[in-house]
Amino acid sequence: MARLLTAFISSGLVYLLGPGSFLGLWNLFAISQQHAPFAVTATWLQAHGHAEVYGWVGSFILGIGLHSLTRRHRTRVNFAWAWTCWAVWTGAIGMRWFTGVYDWHWRLLLPASAALELFAYGIFQTTVRKAHKRVPGQPREPLPGWVMLVLTGALGFGLTLVVNLAGAIHQAGWGASAAFPPWWDRRMVELMTWAFLAPFVFGFSTRWLPVFAGLRPSRDWVPRALAPILAAGAIAMLAGWWLPGAFLWAAAAAIAVTGLHIFRPAIAKAKTQNIHPTFPWFLRFAYGWLVVSAALGLWSAFSPANTGLTGAGRHAFTVGFIATMVLTIGQRVLPAFAGMKLLHSPALMFISLASLEIGCLLRVSGELLAYPGWWPIAWSWLPFSAGLEITAFTLFAYNLARTLASPPAHLRAAA
């Protein structure tokens, strides 16, 4: 299981650095030079986003899900199918990126990649359901609230893959390029935000933050309230009801921040052994970006003509909130999951997170000021913001790679 998890993490890091981040840097250079948010083709923008969300975060979720759920229930895993899941998923993501960048036989490869992604996810779901199979005669226990959120995220993950396949088939049959039309792409992005990414992060935050950061445990009604709000928000965004969706997102952010006690004093000492002691602070920075994204979403709903608000709010969520949570929690739990190893360098953990926060601040403020034409000099901030974020991701990948290549903690102690 540790080797399988290592494979998912490694392929996720490859997609984070290559197809995801460096293509994003290239896009930002073009946008900055031409002073136009649509200076690059939509296929490149969508290929970058797909590699980041599914290639990086999706690979991490599949690997952690197979590892933690099967071990928790002591289920014997069919490793042939588990490795097939990794191979199909990794290959399909690469096919999708290649198709978006080069437009080579895209009418065939675009729907094929989407179908293979859905197939790999089906293998994952089949394996996980065997782990949750109830023993006959055993009483059914109510699911904890955080598990409901995680299951909501898993359902949303599959739903986004179904929508992606439907869009790919439509484009292959009737579209003029491999890029989804703007109205479809925006709904796809909102669905990923509401139904996939947010439930996973909120669910694992409910489970892990009281343990790792010493925060007050949230009451069980908090995740149980978040699940229907996120579902309602996803429906509103799919229907194009942007203003009600923005209010629902603000409500979800407020419940998450207050219910998880993010900004209240801790009641226990944070578990920062073998990681950087600023770990709890970056968790709070992440949820601060969540508040910023909710505020920008409300502003954008009232000012839809301001393109900078939409981009800034999306970046505040994806990088400020999601990426900060992955870099912070990931360097805390993944070494233990991958065979009880110790993080290679706590100092690199701090540098990567600090670079990410500064880069995100430059990106969000730059889009807010440059896109509407309020302060043209802010266009020059965008490449620097991308450079800082790529530096953060590179250091994160290097730190994890050195960690995964090291022997387990007990062997290092013996040596």
**Q** Salt bridge (charged side-chain N to carboxylate O under 4.0 Å, His left out): which pairs involve residues 243-254, sequence neighbours left out?
**A**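 Every pair satisfying salt bridge (charged side-chain N to carboxylate O under 4.0 Å, His left out) with a residue in residues 243-254: there are none.
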
**Q** Test your reading of the model: is there a side-chain donor-acceptor pair from Asn274 to the backbone of Leu343, 3.5 Å cut-off?
**A**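 The answer is no, because no donor-acceptor pair under 3.5 Å joins these two groups.
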
**Q** Taking all atoms of both residues into account, what is the closest heavy-atom pair of Ala179 and Gln46, and its distance?
**A**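 That would be CA-OE1, 3.5 Å.
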
**Q** CH2 of Trp83 to CZ of Phe8: how many Å apart, nearest 0.5 Å?
**A**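 That separation rounds to 8.5 Å.
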
**Q** For the pair Arg332 (side chain) and Thr328 (backbone), establish whether a donor and an acceptor sit closer than 3.5 Å, ignoring hydrogens and angles.
**A**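 The answer is no, because no donor-acceptor pair under 3.5 Å joins these two groups.
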
**Q** Using every non-hydrogen atom in the two residues, find where Gln331 and Ser352 come nearest and quote the distance to one decimal.
**A**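 That would be NE2-OG, 3.8 Å.
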
**Q** Tell me if the CH2 atom of Trp281 is crowded by more than 12 foreign heavy atoms within 6.0 Å.
**A**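 Count not over threshold, so no.
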
**Q** Does the Trp97 side chain pair with the main chain of Ala51, one donor and one acceptor, at a distance under 3.5 Å?
**A**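 Between the backbone of Ala51 and the side chain of Trp97 there is no qualifying donor-acceptor contact (under 3.5 Å).
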
**Q** To the nearest 0.5 Å, what is the distance between CZ on Phe282 and CD1 on Ile275?
**A**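 Rounded to the nearest 0.5 Å, the CZ-CD1 separation comes out at 11.5 Å.
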
**Q** Are side-chain heavy atoms of Glu117 and His50 found at a separation under 4.5 Å?
**A**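 Side chain of Glu117 against side chain of His50, heavy atoms only: contact under 4.5 Å found.
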
**Q** Whether the side chain of Tyr15 engages the backbone of Gly94 through a donor-acceptor N/O pair (distance < 3.5 Å, no angle test) should be reported.
**A**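 Here the side-chain-to-backbone pair exists.
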
**Q** Is the side chain of His315 donor-acceptor paired with the backbone N or O of Arg363 at a distance under 3.5 Å, no angle test?
**A**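 Flag not set: sc His315 to bb Arg363 has no pair under 3.5 Å.
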
**Q** Apply side-chain hydrogen bond (donor to acceptor under 3.5 Å, both in side chains) to Thr43 and list each qualifying residue two or more places apart in sequence or on a separate chain.
**A**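 Checked Thr43 against side-chain hydrogen bond (donor to acceptor under 3.5 Å, both in side chains); matches are Thr41.
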
**Q** If you define the side chain from C-beta out and look only at heavy atoms, does anything of Trp86 sit under 4.5 Å from Leu66?
**A**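 Not in contact.
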
**Q** Would you confirm whether the ring centroid of Phe119 sits within less than 6.0 angstrom of the ring centroid of Trp89?
**A**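 No, the ring centres sit 6.0 Å or more apart.
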
**Q** Can a donor-acceptor pair be found, under 3.5 Å and without considering hydrogens, that links the side chain of Trp81 to the backbone of Thr127?
**A**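 Not a single qualifying donor-acceptor pair exists.
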
**Q** Are Phe204 and Trp208 an aromatic pair, judged by ring center distance below 6.0 Å?
**A**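 Centroid separation for Trp208 and Phe204: below 6.0 Å.
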
**Q** Around Trp242, counting heavy atoms of other residues, nucleotides and ligands shown, do more than 12 lie under 6.0 Å from its CH2?
**A**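 Yes, the 6.0 Å shell around CH2 holds more than 12 heavy atoms from other groups.
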
**Q** Between Thr160 (side chain) and Phe157 (backbone), is there a donor-acceptor pair under 3.5 Å?
**A**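 Here the side-chain-to-backbone pair exists.
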
**Q** Check whether the ring centres of Phe396 and Phe393 lie less than 6.0 Å apart, and answer yes or no.
**A**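 That pair fails the under 6.0 Å test.
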
**Q** Between Gln125 and Tyr121, do the side chains contain a donor N or O and an acceptor N or O under 3.5 Å apart?
**A**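 The answer is yes; a qualifying pair exists.
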
**Q** Closer than 3.5 angstrom, by distance alone: can the side chain of Asp185 be matched with the main-chain N or O of Phe180 as a donor-acceptor pair?
**A**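 Not confirmed, Asp185 side chain does not pair with Phe180 backbone.
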
**Q** Does Arg284 reach the main-chain N or O of Ile262 with its side chain, forming a donor-acceptor pair under 3.5 Å?
**A**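 Judged by distance alone, yes, a pair lies under 3.5 Å.
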
**Q** Tell me whether Glu190 contacts the main-chain N or O of Arg186 through its side chain, where contact means a donor paired with an acceptor under 3.5 Å.
**A**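 Absent.
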
**Q** More than 12 heavy atoms of other residues, nucleotides or ligands under 6.0 Å from CZ of Phe98: yes or no?
**A**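 For Phe98, atom CZ is crowded (more than 12 foreign heavy atoms under 6.0 Å).
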
**Q** Say you draw a straight line from CG of Leu334 to OG1 of Thr6; how long is it, rounded to the nearest 0.5 Å?
**A**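 If we round to the nearest 0.5 Å, Leu334:CG and Thr6:OG1 are 9.5 Å apart.
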
**Q** Is the shortest side-chain heavy-atom distance between Phe200 and Phe60 below 4.5 Å?
**A**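 No. Closest side-chain heavy atoms not under 4.5 Å.
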
**Q** CH2/Trp289 to CZ/Phe321 distance, rounded to the nearest 0.5 angstrom?
**A**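 It is 13.5 Å, given to the nearest 0.5 Å.
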
